[in-house]
**Student:** 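If you scroll down you'll find the structure; I have some questions about it.
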Amino acid sequence: MSATEIPRFPSVGFANEAEFVAYRREVQTRLDARYLHEAALVSADDSFAVPGTCALCLRRTLFACDTRGWERKPDGRPVPAWSESLACDCAERLSNRARAVVHFAQAVAGLSGWSRLLLFGPPHASHVRLAVLAGTTTALAGFAPGQPLRLDAPDGAFHLAVAVECLHRVPPLSAAFAEFRRVLAPGGSLLFTAPFRVHAARSLSREGLAPALLREAAHELGWDVLDWLRAAGFAQAAAHGYWSAELGYLGPFNMMFHASR
Ligand SMILES: [Zn+2]
């Protein structure tokens, strides 16, 4: 596929919380309309489908939502878990988030047939498609809770590192960012998603806790995560808020983090 065939990734980049707050103020009416659009799509059935276009398959499809795992309001209405739903009907049945990671990697982070790709963290639905698009792929899954992250790779080994929904379990995260920067080639970049508190200036870190007490997450990320990336030596770091009804990227404040060295 040539670069011209990749649809534009529908996002707005924020370098810090102030830019995000200003954006929200400016487009609040549009954000309210998006919420109403999403609410009108939700059905109380076990599953429903939303028509749209898959940015990876480049064709019209029905994005499938299985509501059985969703939380319910007291009146029984489901609370949409949009980011993990909206599966394409392609072989990999990629969800909203999985498609967005691959789409962003291609359209913004420059993933292409000559890229040396690092996939960090446990296997994710996006990994197969990312590896198909890359030149070479290295998967590094393991990290020890409470231990500084050490990536088993030489300096400058990769053009792109991708970490989907796992870095919040990697303390200390600021040191981990420096380690990712070390293994990236000049011009390379780190792309990640993680649970993000969009209204929090500061991350909540539980780094001091014993590994046994860390349970779910070592960090609940806030906007200072972008400062940590810059402090780790990345020249540019931004949170990209993305949304598209047509491409099946629904949900409030989906964020893709991208840092370039
Ligand atoms: Zn698809």
**Student:** Could you check whether W228 and W223 have their ring centres less than 6.0 Å apart?
**Tutor:**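 Distance test on ring centres: not under 6.0 Å, no.
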**Student:** Y35: which residues meet the ring-ring contact (aromatic ring centres under 6.0 Å, His included) condition with it, sequence neighbours left out?
**Tutor:**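 Counting only residues at least two positions away or on another chain, Y35 forms no ring-ring contact (aromatic ring centres under 6.0 Å, His included).
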**Student:** Using the ring of each side chain (for Trp, its six-membered ring), is F192 parallel, tilted or perpendicular to F257, with breaks at 30° and 60°?
**Tutor:**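 Because their plane-to-plane angle is under 30°, the rings of F192 and F257 count as parallel.
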**Student:** Can a salt bridge be assigned to the pair D66 and R68 using a cut-off of 4.0 Å between side-chain N and carboxylate O?
**Tutor:**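 Result for this pair is yes, salt bridge flagged.
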**Student:** Report the relative orientation of the aromatic rings in Y242 and F9; use parallel for angles under 30°, tilted for 30 to 60°, perpendicular for over 60°.
**Tutor:**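 Judged by the thresholds at 30° and 60°, the geometry between Y242 and F9 is tilted.
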**Student:** Report yes or no: do W243 and E38 form a side-chain donor-acceptor pair below 3.5 Å?
**Tutor:**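 Note: W243 and E38 side chains meet the donor-acceptor criterion.
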**Student:** Could you tell me whether R24 and E17 have a side-chain N and a carboxylate O separated by less than 4.0 Å?
**Tutor:** no
**Student:** Taking atom types as modelled, is there a side-chain donor on D224 or S203 under 3.5 Å from an acceptor on the other?
**Tutor:** yes
**Student:** Measure the CZ-CE distance between F196 and M255 for me, rounded to the nearest 0.5 Å.
**Tutor:** 5.5 Å
**Student:** Quick one: sort the H199 and F20 rings into parallel, tilted or perpendicular, breaks at 30° and 60°.
**Tutor:** tilted
**Student:** Compare every heavy atom of S126 with every heavy atom of A98, then report the nearest pair and how far apart it is.
**Tutor:** O-CB, 3.8 Å
**Student:** Quick one: do R59 and D89 make a salt bridge, cutoff under 4.0 Å?
**Tutor:** yes
**Student:** Would the number of heavy atoms belonging to other residues, nucleotides or ligands and lying under 6.0 Å from CZ of R25 be above 12?
**Tutor:**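 For R25, atom CZ is not crowded (no more than 12 foreign heavy atoms under 6.0 Å).
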**Student:** Taking D45 for its side chain and F48 for its backbone only, find out whether a donor-acceptor pair lies under 3.5 Å.
**Tutor:** no
**Student:** Could you tell me the separation between the CD1 atom of I6 and the CG atom of L56, rounded to the nearest 0.5 Å?
**Tutor:**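 Between I6 CD1 and L56 CG, I get 9.5 Å after rounding to 0.5 Å.
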**Student:** Any idea which heavy atoms bring G110 and S115 closest together, and the distance?
**Tutor:** O-OG, 3.8 Å
**Student:** Say whether Q236 and S260, considering side chains only, have a donor N or O and an acceptor N or O under 3.5 Å apart.
**Tutor:** no
